[in-house]
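I have placed the structure first, in the form of structure tokens, so that the comments after it can refer back to it.
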Amino acid sequence: MEEKAMRITNCKVNHLTDPLGYWMEKPVFSWQVEEASGKAQTKARLIVCRGGETVADTGFGQLDNLAVPLDMELAPRTRYTWKVTVCTDAGEEAESGENWFETGKEGESWSAKWIGDSGERHPLFSRHIAPAKPVKSARLYICGLGLYEAYYVPGKDAVDAGSIESLRAEAKIGDELLAPYCNNYNEWVQYQTYDVTKQLQEAGTLCVLLGNGWYFGRFGFNDPDGKPYYGKGRKLLAELRLTYEDGTEVVIGTDESWQVTYSNIVFSNIYDGEQMDGTLEPVAAAAAKEVEPPKGKLTARRSLPVKVLEELPVAELIHTPAGETVVDLGQNMAGSFRLRVHEPRGTKIHVQVGEVLQQGCFYRDNLRSAKAEYIYISDGEEHILQPCFTFYGYRYAKVEGVPNLKKEDFTGLAMYSALPRNGWLETGNELVNRLILNTEWGQKGNFVDVPTDCPQRDERMGWTGDAEVFSPTACYQMDSYAFFAKYLHDMATEQKTREGAVPDVIPSFGHKGISCAWGDAACVIPWVVYRFYGDKAILEEQFDSMKGWVDHINGLEEQDQGWRKHFHYGDWLALDGPGGVDGVMGATENAFIALVYLRYSAQLTSKAAGVLGKKEEEAYYAGLADKLLAAIRHDYFTPSGRCCLDTQTALLLSLRHGLTVDPEQTAKRLKKKFDDNNGKLQTGFVGTPILGEELTRAGLSELAYGLLFNEEYPGWLYEVKLGATTIWERWNSMLEDGSVSSMGMNSFNHYSYGSIVEWMYAYVAGIRQAEDSTGFRHVCISPVVDSHLGYVDAKYQSAMGLWKVSWKVENDCHMELKVTVPFGCKAELMLPYAPEGLFGDKGNAMFAHVEDGVCYLEAGDYSVSYEATRPLRKVYSVDTSLRELLSVPSIREFLTEKFPQVNQAPDHVRSNSLRDIAGHFGGSMEPGVLEQLDKALGKLG
């Protein structure tokens with residue numbers, strides 16, 4: 001067997017691998033250790049160099065591999081290299097490979113002017129570049145508003161502005177799309193840095209195409225005429241720096257010496273798509289004009305790159321009953337497409353997109369005013385079309401103007417921010433697996449630079465409430481630190497001009513509304529990110545934002561209870577409100593939710609202050625939280641601890657936030673609320689994300705699993721059974737007959753309810769971080785087993801390393817479990833239904849240290865196989881309620897075959913057992929049938 005060699009991996013700066021030109025005020029270094037014989041790091045040394053000269057050396061010491069901040073004075077436009085050496089408790093020592101980061105301009109002045117244009121045809125700015133000497137390195141620092149793409153064409157003095165697709169295919173600089181991305185342009189504007197050394201080895205033409213995007217296009221809620229909120233024309237600032245082999249440097253910046261021509265792109269818009277006219281005559285080049293700079297401060301990038309990260313072939317080419325030609329990608333997603341065309345000159349090629357079909361025909365009414373289209377007027381030549389400055393949320397595309405379209409002519413391009421995947425979860429239930437996959441696709445489709453609510457209709461905005469409830473799931477599924485750090489920075493810039501208030505959407509695009517649970521993202525998301533990654537830099541940067549939000553809404557509350565009287569979304573889209581299934585407001589009193597979240601944010605701000613050593617603020621916000629708890633109990637609880645609000649969400653919040661003094665009674669009431677509702681949920685955006693965890697913690701894991709497995713409305717598998725490939729906005733976005741339930745507000749790619757996957761990682765698989773831990777250094781592994789899943793195989797690449805938990809149920813009582821604890825970590829393992837004698841097997845490393853039935857594990861691989869102390873498969877009988885029987889697919893199928901009308905049984909009947917139902921109908925059931933049913937049910941499930 002080959003001996004393992006210790007390796008240092010996942011070396012990052014500010015949670016980025018080899019970052020080029022990112023915002024870098026204080027670099028924070030992190031790494032992981034793999035394949036070590038030792039269990040933990042004993043000491044480490046970090047060395048940073050510049051041009052071969054050491055500029056920082058920590059020496060060997062107790063460095064925290066999750067976050068080592070170095071207070072370095074960073075030079076602009078400079079590449080730094082770094083290595084880390086780690087020693088373990090087994091006497092090993094290993095050195096990492098060479099890593100690097102390169103600074104941007106770091107506040108130095110620009111040798112360039114802003115140039116621009118605001119005509120209908122999208123401008124292409126260009127400048128001939130002729131290096132005078134051999135080039136050692138070349139960097140392009142650039143910002144183009146609304147959006148830009150840069151190209152370098154070697155060997156040419158000029159470029160044809162009518163050949164955009166050729167430029168993109170042959171000369172595009174980098175593979176990013178939608179740069180410089182979406183943020184609060186009134187406060188800050190990002191520039192990107194590109195290494196163009198290879199391109200600049202010969203003379204050629206540098207050119208930049210500008211589009212409208214978020215800055216200069218229709219976007220947001222506030223202007224019915226669709227005028228841009230931020231922008232006053234398209235703008236470009238670029239600086240090309242060439243360093244020759246002899247050490248000399250030349251700088252070429254945008255100014256009036258650049259030429260501008262006009263492309264055949266005549267329209268672009270985030271909501272409405274793009275239009276290109278291949279028949280337009282070329283426009284003669286003219287001198288560029290200087291324009292006013294944007295309002296916001298120009299700064300190095302924070303946004304991760306948005307790229308085409310997956311290509312989807314056409315799953316089916318459909319000719320609909322309406323005579324339409326529609327391509328089906330088989331997957332709802334956000335992105336673009338490539339389309340090969342060769343049609344006669346003047347032919348209008350029209351692509352429209354949608355998420356679902358209706359009666360077998362193309363459908364897009366749920367997009368509201370968003371046209372979400374692409375139009376090309378053919379020049380008669382063959383082209384491969386791909387939109388430049390927009391993206392779509394879609395599964396289906398209707399193509400007009402291409403009469404002989406073939407499947408291979410169309411390719412779907414999934415575009416999203418380049419977050420590394422770090423979670424993998426699979427079960428023995430294919431419907432649940434599809435739900436997990438739907439959640440992953442929901443994150444991809446809504447992580448296009450901003451954590452949006454939806455990627456398809458005339459919205460696509462960074463709703464804070466959606467981001468807040470989904471943030472833990474996001475961190476389980478993808479490495480989300482840098483993504484959320486950019487979003488939170490944007491949030492803080494909005495607060496500076498709003499006395500701490502957090503608008504419902506970030507960036508706001510002028511939206512002024514605030515709400516509880518939505519604005520509380522200012523406190524919740526930084527704390528989630530800190531807990532997942534163990535880097536307090538996120539708290540340092542956001543602490544004023546956290547305080548600002550709490551102080552603002554507490555100030556409103558102190559003014560005649562103004563915060564609880566404010567408008568709130570509350571338990572948005574819950575099913576228990578006055579509007580019923582078609583309403584949007586839940587029944588849980590908004591004032592109650594507002595106070596609960598205000599207290600929660602105060603608690604998190606106090607905890608953040610504690611981490612940062614701010615003792616005075618820690619005490620102040622802890623005291624505020626105590627004061628709010630007293631107010632909540634006074635106004636919403638009886639002296640015995642009974643919550644006065646009788647909704648599922650109110651009771652869940654009471655348990656979650658320790659509001660009740662009698663959690664056992666509250667759990668019983670919660671169970672009754674579900675029993676009274678036929679075992680089904682009524683929760684919305686506030687209640688649903690905490691549903692699985694609170695039911696499990698209350699000893700109601702069977703109920704939690706019942707909700708997960710429910711294939712009827714409302715439930716997660718209801719939409720899976722109806723063919724969903726992403727998470728829906730509403731529990732009934734589509735009705736059972738396949739028709740869309742509502743056109744006014746109905747998205748088929750809305751990730752909020754995908755937050756159930758957090759519970760699946762933390763409780764179903766059991767990878768749950770201990771309360772005293774950050775970065776998943778300490779995990780409590782206590783899988784909640786249900787035989788209907790069959791097995792669970794979970795992997796989570798945490799900030800510390802790769803955790804693995806898998807369990808499998810066989811033959812009712814046989815349990816197999818495997819666990820991997822990464823280097824530097826520890827775990828407390830609680831085996832489900834393990835016999836006491838099992839822990840005496842000292843030949844198994846899992847049981848080397850056991851106390852009170854808890855196995856204390858250090859880094860390593862562990863496995864065990866045993867017979868459980870109780871059947872792991874629930875045995876069903878005629879004494880089981882009809883509701884529970886119908887929740888099991890195999891039993892429902894069996895009963896439906898025997899009694900075809902059983903699925904139409906009213907809710908009040910379903911709470912009874914089959915025996916009781918049979919007794920109610922007296923002698924209508926033949927002798928012996930009940931006994932036969934009992935035997936059959938015992939074998940199913």
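The first residue of the sequence shown is numbered 1, and numbering continues consecutively from there. Below, all heavy atoms of this structure are taken into account, side chains as well, without hydrogens, waters or symmetry copies.
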Distance, nearest 0.5 Å, that separates [atom1] of [X] from [atom2] of [Y]:
X: Leu16; Y: Leu304; atom1: CG; atom2: CG; result: 6.0 Å
X: Cys475; Y: Phe470; atom1: SG; atom2: CZ; result: 9.5 Å
X: Ser263; Y: Leu124; atom1: OG; atom2: CG; result: 7.0 Å
X: Ser471; Y: Leu488; atom1: OG; atom2: CG; result: 9.0 Å
X: Asp453; Y: Ser752; atom1: CG; atom2: OG; result: 8.0 Å
X: Ser118; Y: Leu210; atom1: OG; atom2: CG; result: 11.5 Å

[X]/[Y] ion pair, N-O < 4.0 Å:
X: Arg368; Y: Glu459; value: yes
X: Arg168; Y: Glu149; value: yes
X: Arg301; Y: Glu176; value: yes
X: Lys307; Y: Asp175; value: yes
X: Arg457; Y: Glu729; value: yes
X: Glu316; Y: Lys407; value: no
X: Asp117; Y: Lys235; value: no
X: Lys721; Y: Glu712; value: no
X: Glu400; Y: Lys348; value: no
X: Arg395; Y: Asp328; value: yes

Does any donor atom in the side chain of [X] or [Y] lie under 3.5 Å from an acceptor atom in the other side chain?
X: Gln477; Y: Gln443; result: yes
X: Arg234; Y: Asn212; result: yes
X: Glu343; Y: Ser378; result: no
X: Asp277; Y: Thr279; result: yes
X: Asp504; Y: Ser515; result: no
X: Ser303; Y: Gln190; result: yes

Heavy atoms of other groups near [X] [atom1], more than 12 under 6.0 Å:
X: Arg340; atom1: CZ; result: no
X: Glu120; atom1: CD; result: no
X: Lys232; atom1: NZ; result: no

Item to check | Candidate pair Arg218 and Ser369, rule side chain to side chain donor-acceptor pair (under 3.5 Å), full reasoning | outcome: CA-CA 11 Å; Arg218 174 172 90 94; Ser369 71; 3.3 Å; yes

Would a line drawn from the ring center of [X] to the ring center of [Y] be shorter than 6.0 Å?
X: Phe509; Y: Phe219; answer: yes
X: Tyr374; Y: His350; answer: no
X: Trp731; Y: Tyr753; answer: yes
X: Trp728; Y: Tyr751; answer: no
X: Phe447; Y: Tyr416; answer: no

Next on the checklist: On the six-membered ring of Phe391, is Arg460 placed so that its NZ or CZ lies under 6.0 angstrom from the centre and within 45° of the ring axis?
Outcome noted: yes

Closest heavy-atom pair and its distance - [X], [Y]:
X: Thr390; Y: Pro387; value: CG2-CB, 3.9 Å
X: Tyr718; Y: Leu735; value: OH-C, 3.3 Å
X: Pro503; Y: Thr464; value: O-CG2, 3.7 Å
X: Ala372; Y: Tyr392; value: C-CE2, 3.6 Å

Checklist entry - Could you go step by step and tell me if Val341 and Leu405 meet the side chain to side chain contact (heavy atoms under 4.5 Å, CB included) rule? => result CA-CA 8 Å; Val341 299; Leu405 184 71; over 6 Å; no

Item to check | Full working for side chain to side chain donor-acceptor pair (under 3.5 Å) between Glu426 and Asn433 | outcome: CA-CA 6 Å; Glu426 181 182 301; Asn433 289 343; 5.3 Å; no

Are [X] and [Y] packed together at the side-chain level, in the sense that at least one heavy-atom pair is separated by less than 4.5 angstrom?
X: Glu758; Y: Pro689; answer: no
X: Tyr151; Y: Val208; answer: no
X: Tyr185; Y: Pro294; answer: no
X: Met478; Y: Pro420; answer: no
X: Met415; Y: Leu178; answer: yes
X: Met734; Y: Ser739; answer: no
X: Gln386; Y: Ser336; answer: yes
X: Leu413; Y: Thr411; answer: yes

Item to check | side chain to side chain contact (heavy atoms under 4.5 Å, CB included) evaluation trace for Phe267 with Asp272 | outcome: CA-CA 9 Å; Phe267 174 84; Asp272 299 320; 3.8 Å; yes

Next on the checklist: Would Asp409 and Arg338 count as a salt bridge (charged side-chain N to carboxylate O under 4.0 Å, His left out) here? Give the steps.
Outcome noted: CA-CA 8 Å; Asp409 292 335; Arg338 279 198 307 266; over 6 Å; no

Checklist entry - What do the steps show when you test Trp424 against Tyr761 for ring pair (Phe, Tyr, Trp, His ring centres under 6.0 Å), and what is the final call? => result CA-CA 9 Å; Trp424 298 264; Tyr761 273 101; 9.2 Å; no

Next on the checklist: side chain to side chain donor-acceptor pair (under 3.5 Å) for Asn438 and Thr725? Distances and angles first, verdict last.
Outcome noted: CA-CA 5 Å; Asn438 290 0; Thr725 60; 5.4 Å; no

Donor-acceptor under 3.5 Å ([X] side chain, [Y] main chain):
X: Tyr396; Y: Asn332; value: no
X: Gln352; Y: Glu373; value: no
X: Thr347; Y: Arg345; value: no

Next on the checklist: Between Trp188 and Asp490, does the side chain to side chain donor-acceptor pair (under 3.5 Å) criterion hold? Intermediate values first, please.
Outcome noted: CA-CA 9 Å; Trp188 66 298; Asp490 229 354; 2.6 Å; yes

Item to check | Criterion side chain to side chain contact (heavy atoms under 4.5 Å, CB included) on Lys398 and Thr325, from CA distance to verdict | outcome: CA-CA 6 Å; Lys398 182 175 73 170; Thr325 298; over 6 Å; no

